[in-house]
Amino acid sequence: CNDTYYKSIAQALRAIGSYVYALRPTPADASNQLMEVLPAFEVLKGKLLATDIDQEVKESALECYGHLVACTGDLPAFQAAVQNCMPPFVDRMKNDVTRTTAIKALKNICISQVKVAALASSLAQVGGQLSTYLSQNSRAFRQQCLDALVHVLRKYGQSVPQETTMQILTDIVPFITDTDLYITDLCVQVAVQALAASPHLAPVVVEKCVPAVLVVCRSPLLQGSALESILNFLAKVAQHSQHCPFERLRAELSDTSCVASAQAQAQRQVIATLAKGLAAVVIASAADVQKQAIQGFLSKIQQCSAVVQTEATQQCELSLLALGESGKYTDLSGTPGFCETLLQQLENSQDEVRLAAALALGYATVGAMGTLLKVVIDNTQSAGTAAKGQKTQYLLLTSLREVISIGVTKRGPSDLSLREHLRPHVPRVLPILCQYADSNEESVRNVVSESLGHLLIVDQDSVLTALTPLFTSTTSWRVRAAAVSTIRFAAAKQCPAATILPLKERLLTCLGDEELQVRKAALHSLNVACLSSSCSEIFRAHTDLIFESIKEDSKQRPELIREVDLGPFKHKVDDGLPLRKFAYTVSCSLLAAYPEQMANPALIDLVLQGLADNEDVQVICCQLLQDLCSWNFALFRIIGRIGDLVEPFDRCIMRCIKQVQAKQQVGRAMDMLRLYARTLRTVEPIAETNQHKVFVDYMARILKDSVFAQVYEHANSGKDVL
């Protein structure tokens with residue numbers, strides 16, 4: 001560390017920071033040699049205080065200090081050394097040049113298993129500085145500061161001064177919006193940690209953060225980890241009922257007036273989010289409040305279901321979903337009128353209410369598997385074959401799908417009981433699912449395939465026995481398509497390879513099925529399986545067979561093009577286009593999963609064929625070519641074919657340029673030009689490196705066109721964001 005060359009000093013500091021973890025891998029397992037790193041703190045103090053040293057040395061010193069404190073910060077012998085270095089470390093956090101590295105070091109200290117007492121005296125400065133930085137324009141830096149605040153409050157929140165915590169809560173509120181959900185997620189996590197560390201600040205949290213969070217809850221964009229954090233926040237706030245009464249939260253989350261002007265899909269998303277929020281608040285409340293809330297939901301359902309108005313329908317849908325979400329975490333089967341109310345709503349005149357009732361029944365069954373699962377299966381079997389009965393049976397199948405899906409998805413030790421509850425009922429469920437595999441409605445067949453795919457993970461032997469005759473059905477192609485789609489849903493759940501291995505040969509056979517829809521379903525299943533981390537190796541030895549099927553399915557077939565008479569004009573419909581798009585998509589997936597086998601000149605032939613096809617196919621082909629050029633080991637295999645790309649690209653580009661000049665479909669034409677420019681930008685360096693004259697000359701010629709030259713320049717400069 002006393003060397004004159006800055007690189008040596010920086011590497012020495014990094015080595016010390018890495019070495020200390022070997023001396024103390026766990027807090028209880030400290031080596032006697034740990035004392036040998038104590039002199040390093042004196043060196044670090046000098047580096048942290050110095051202003052005339054190299055930037056790399058400054059950053060290495062900060063990294064090293066973070067690692068040393070994370071390992072030794074709780075040992076009595078190191079307290080004085082750690083404390084002496086803390087002030088200059090905090091100063092580095094205030095410096096514009098070193099603050100990023102200092103914040104990373106602070107996070108290392110906070111996520112370690114040891115508690116650093118020396119940090120307590122600096123928490124006010126650290127928290128205040130991080131909070132102040134939130135106003136910076138850099139999103140990445142704001143994200144880093146919020147992440148650090150989450151860890152600081154989680155570990156040292158009780159030691160952070162009240163004024164600092166209040167400042168942090170005030171500064172995060174403007175960023176709790178639906179415009180950046182990841183930043184919102186971090187802000188809500190900060191609020192949760194502040195509330196957990198300082199319960200006496202609950203009034204401040206309720207006043208400042210709750211209104212902003214409730215506004216985000218009404219956004220159709222809310223999903224993922226941000227939604228999970230907000231649900232956790234609402235549950236924590238609900239526990240402080242003296243500062244935020246249940247009725248206030250219930251009234252805010254039950255307000256559906258915000259969705260009146262939204263589209264149907266957005267309305268459904270917002271209502272589902274509000275229902276989850278209501279359930280989180282209900283489950284976190286006291287037992288008497290829970291009981292009262294459940295009865296309130298049931299009463300609201302019974303009142304609103306009799307009124308055919310938009311607002312009443314939305315309230316009924318919200319209450320049903322809130323009831324179901326609450327039922328995931330508590331057994332509602334003993335609640336008077338619960339089952340009867342949900343089953344009654346399956347026959348409601350409103351489609352939204354019927355679907356909400358089906359989903360609610362499925363959700364509630366997860367929390368009461370011992371009783372409600374039998375109710376769902378019994379009602380599914382007894383629904384009847386009349387039109388009305390079939391509709392009810394489909395809704396009950398939807399309920400069953402939700403039960404199976406949630407039971408398979410949950411991975412915790414306590415969740416194993418869900419699968420155990422499901423397994424005895426599999427023999428009763430399978431005949432119902434197989435009966436609907438031949439449904440004319442694609443949505444019904446998807447429910448059947450998804451349920452069978454998930455049940456394949458629960459009880460492989462029984463499901464395989466039921467699936468075998470479906471794959472070989474000669475009476476209906478719909479049955480074969482539903483059977484082969486089962487593999488897709490099983491692979492999507494990252495099931496073990498052994499689960500779908502017995503179906504491998506049947507899937508490969510379906511690639512050559514005479515029916516177009518079956519081949520499409522087989523390609524879709526193959527696409528998901530190839531990209532699955534657990535199942536991809538199953539098909540490695542069959543890439544040649546699969547690629548031959550892809551080449552056949554990617555060809556344009558005139559017999560699949562039909563003409564539709566629309567009165568004043570006629571429109572051509574290509575029934576083979578969806579299959580061709582799937583074929584090219586699977587080619588991209590095969591290349592990603594098995595590059596050694598797939599990266600060959602035959603893919604260039606596929607690209608050339610696709611560039612003469614529909615524009616949707618061209619988009620996939622350009623992506624395929626870009627992926628192919630990204631594999632350096634394969635360049636020597638395809639370099640001889642690059643010249644063949646000139647003619648099709650020239651034809652496509654000139655067609656789009658003429659459309660732009662004629663002001664015909666300009667937006668679409670410019671999108672395609674950007675796509676071609678990005679693809680050619682990927683191929684051009686390879687051609688130049690290998691002195692491929694035909695391609696290089698073509699690029700020089702096409703760039704003389706002003707329209708394409710501008711698009712290509714933007715693609716090269718990174719301004720092309722599409």
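The shown structure was predicted, so the numbers you read here are calculated from the model rather than taken from an experiment. Below, each value reflects all heavy atoms present in this structure, side chains not excepted, and no hydrogens, waters or symmetry copies.
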> Hey, does C535 have a side-chain heavy atom less than 4.5 Å from the side chain of I500?
Replying inline: yes
>> Would you say that S587 contacts L591 through its side chain, given a criterion of any heavy-atom pair below 4.5 Å between the two side chains?
In response: no
>> Any salt bridge linking R423 with D459? Criterion: basic side-chain nitrogen under 4.0 Å from a carboxylate oxygen.
In response: no
>> I'd like to know if the side chain of S229 reaches the main chain of S225, judged simply by a donor and an acceptor atom lying under 3.5 Å from each other, with no hydrogens or angles considered.
In response: yes
>> Once rounded to the nearest 0.5 Å, what's the spacing between atom CD of E252 and atom CG of L234?
In response: 11.0 Å
> Got more than 12 heavy atoms from elsewhere within 6.0 Å of CD, Q295?
Replying inline: yes
> Is the backbone N or O of A483 less than 3.5 Å from a side-chain atom of T486, with the two atoms forming a donor-acceptor pair by type?
Replying inline: yes
> Does a sphere of radius 6.0 Å around NZ in K504 hold more than 12 heavy atoms from other residues, nucleotides or ligands, not counting ones at 6.0 Å or beyond?
Replying inline: yes
> Shortest non-hydrogen contact from I432 to I377?
Replying inline: CD1-O, 4.4 Å
>> Please find the pair of heavy atoms, one from L332 and one from S326, that lie closest to each other, and give the distance.
In response: CD1-C, 4.4 Å
>> I need the minimum non-hydrogen distance between S405 and K493, along with the two atoms involved.
In response: OG-NZ, 3.5 Å
>> I'd like to know whether CD of E615 has more than 12 heavy-atom contacts from other residues, nucleotides or ligands below 6.0 angstrom.
In response: yes
> Out of curiosity, L397 CG to I404 CD1, how far, rounded to the nearest 0.5 Å?
Replying inline: 9.0 Å
> In Å, rounded to the nearest 0.5 Å, how long is the span from CD of Q345 to CD of E317?
Replying inline: 11.5 Å
>> Counting only heavy atoms not in Q263 (residues, nucleotides, ligands), do more than 12 fall under 6.0 Å from its CD?
In response: no
>> Counting C-beta onward and ignoring hydrogens, is there a side-chain heavy-atom pair between K328 and I406 closer than 4.5 Å?
In response: yes
> Where do D185 and L181 land on the side-chain contact (heavy atoms from CB on, under 4.5 Å) test, with the steps shown first?
Replying inline: CA-CA 6 Å; D185 182 10; L181 287 180; over 6 Å; no
>> On a heavy-atom basis, which atom in L298 and which in F338 lie closest, and how many Å separate them?
In response: CD2-CA, 4.2 Å
> Should the pair E450-R488 be classified as a salt bridge under the 4.0 Å nitrogen-to-oxygen rule?
Replying inline: no
> Do T330 and I294 pass the side-chain contact (heavy atoms from CB on, under 4.5 Å) test, and can you show the C-alpha distance, the side-chain angles, and the key distance before you say yes or no?
Replying inline: CA-CA 11 Å; T330 184; I294 297 300; 5.7 Å; no
>> Looking only at the side chains, is there a donor atom on one of S533 and Q494 sitting less than 3.5 Å from an acceptor on the other?
In response: yes
> Is the closest side-chain donor-acceptor distance between Q618 and Y584 under 3.5 Å?
Replying inline: no
>> So, taking the atom named CG in D575 and the one named CD in E559, what distance separates them when rounded to the nearest 0.5 Å?
In response: 10.5 Å
> Just wondering, more than 12 heavy atoms not from E441 lying within 6.0 Å of its CD?
Replying inline: no
> Checking Q609 side chain against S554 main chain: does a donor-acceptor pair fall under 3.5 Å?
Replying inline: yes
> From L606 CG over to C588 SG, what is the distance, rounded to the nearest 0.5 angstrom?
Replying inline: 9.0 Å
>> Go through it in stages, so that I can follow the logic: the residues are L400 and V429, the test is side-chain contact (heavy atoms from CB on, under 4.5 Å), and I'd like the CA-CA distance, side-chain angles, deciding distance and then a yes or no.
In response: CA-CA 9 Å; L400 197 57; V429 173; 3.4 Å; yes
> Is the closest basic N to carboxylate O distance between R580 and D553 below 4.0 Å?
Replying inline: no
>> Can you tell me how the ring of H454 sits relative to the ring of F489, calling it parallel under 30°, perpendicular over 60° and tilted otherwise?
In response: perpendicular
>> Donor-acceptor check, side chain of N379 to backbone of V375, threshold 3.5 angstrom: yes or no?
In response: yes
> Given side chains that start at C-beta, do those of Q597 and L590 come closer than 4.5 Å, heavy atoms only?
Replying inline: no
> Would you say S399's side chain and A358's backbone share a donor-acceptor pair under 3.5 angstrom?
Replying inline: yes
>> Any heavy-atom pair between the side chains of V564 and K572 that's under 4.5 Å?
In response: no
>> Looking at S439 and V444, would you say the former's side chain and the latter's main chain have a donor-acceptor pair under 3.5 Å?
In response: no
> Has E563 got more than 12 heavy atoms of other residues, nucleotides or ligands less than 6.0 Å from its CD?
Replying inline: yes
> Once you round to the nearest 0.5 Å, how far does CG of L501 lie from CZ of F539?
Replying inline: 8.5 Å
> With no hydrogens and no angle check, is any side-chain donor or acceptor of S525 less than 3.5 Å from a backbone partner on I487?
Replying inline: no
>> Please determine whether a side-chain nitrogen of the Lys or Arg among E552 and R557 lies less than 4.0 Å from a carboxylate oxygen of the Asp or Glu.
In response: yes
> Would a 4.5 Å heavy-atom cut-off, applied to side chains only, mark D378 and R428 as touching?
Replying inline: yes
> Can S254 and Q315 be said to form a side chain to side chain donor-acceptor pair (under 3.5 Å), step by step?
Replying inline: CA-CA 8 Å; S254 299; Q315 286 294 321; 5.2 Å; no
> Which pair of non-hydrogen atoms, one from L464 and one from T468, has the smallest distance, and what is that distance?
Replying inline: O-OG1, 2.8 Å
> Of all heavy-atom pairs between L452 and L467, which one has the smallest distance, and what is that distance?
Replying inline: CD1-CD2, 4.0 Å
>> I'd like to know if the side chain of S449 and the backbone of R445 have a donor-acceptor N/O pair within less than 3.5 Å.
In response: yes
> Quick one: does L523's side chain get under 4.5 Å of T585's, heavy atoms only?
Replying inline: no
> Is there a donor-acceptor contact under 3.5 Å from the side chain of S536 to the main chain of A593?
Replying inline: no
> For the side chain of R519 and the backbone of D513, is there at least one donor-acceptor N/O pair under 3.5 Å apart?
Replying inline: yes
> With a 4.5 Å heavy-atom cut-off, do F471 and R480 have their side chains touching?
Replying inline: no
> How far apart are the C-alpha atoms of V528 and H524, what are their side-chain angles, what is the distance that settles it, and do they pass the side-chain contact (heavy atoms from CB on, under 4.5 Å) test?
Replying inline: CA-CA 6 Å; V528 174; H524 198 172; 4.2 Å; yes
